[in-house]
Amino acid sequence: MNLIFFLLWGYIMIIGAALGSFLNVVASRLPLGMSLWGRSRCDSCHQTIKWYDLIPVFSYLFLRSRCRNCKHPIPASHFFFEIITGALFLFWFYRINWQFTYEHWLLLVLILVALAIGLADYYYQVIPDQLLIVFLIATLLLRFNVLHIFLLGSLLIAFLFWMINHFSHGTAMGYGDVKYVFVIGLALPLQSLLLAIYLAFLTGGIVSAILILLRKKKMKSTVSFGPFLSLGFITALCFLI
Ligand SMILES: [Zn+2]
């Protein structure tokens, strides 16, 4: 690999990590009804974070995962989420073979929104409607000519999720998951949709089992399903392209 490619890849990863940092702000603030545009503050001492301490990935390492002012630990999830977004961003451009079509940009928007939805659900057990609306708009722009075909699969899966939600009284599946799976169904053809749902249940089941075995969770307590739906959706999409 020559140097230019290496630099280009590094550059794209950094943009991806910066987007991940922004999505993290979105996922942490939207469910609380906070503005997305205010400066970032420390969760503990509420000191405004200086711009040079907001550099994705590097600031976390440089500050040794602590606030510069009060030494309160910065959650590792921020760091990992930035790395995952950066790596996924790079992988996406590699996967689509550097074609920058209208459709590929819309699919990238869907991936980024899915990441934010997964993270918001992980943080607060809530899927913000604003993110679902952005997801829906990008999906409508993408699939307007096949919408009538995708709608049936979408409704069927959403109905299945609604039944699980209804009969478990919301313990096995939140209402946010029902809405989320409905918009995912509009974005994916039926085969990919089934793959996404299968992967979500498989990974969700494995993670829940591990958490129960490690006694981090009780049998009755719920694990957010949104992150696994996002994982299934993004994986299915990468296979589809
Ligand atoms: Zn602090």
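Indexing begins at 1, ligand by ligand and atom by atom, following the structure's order.
- Take the Zn ion (ligand 1) as the corner point: the lines to SG of Cys67 and to SG of Cys70 open at 110°, to the nearest 10 degrees.
- Not one N/O/S atom of His46, from backbone or side chain, sits under 2.8 Å from the Zn ion (ligand 1).
- You'll find the ring centres of Tyr180 and Phe161 outside the 6.0 Å limit.
- Ring to ring, Phe6 and Tyr11 are not that close: their centroids are 6.0 angstrom or more apart.
- Counting only distance, with no hydrogens or angles, the side chain of Arg95 and the backbone of Cys238 share a donor-acceptor pair below 3.5 Å.
- Side-chain atoms of Glu82 come within 3.5 Å of backbone N or O of Val57 as a donor-acceptor pair.
- For the Zn ion (ligand 1), the N/O/S atoms of Cys42 include one lying under 2.8 Å.
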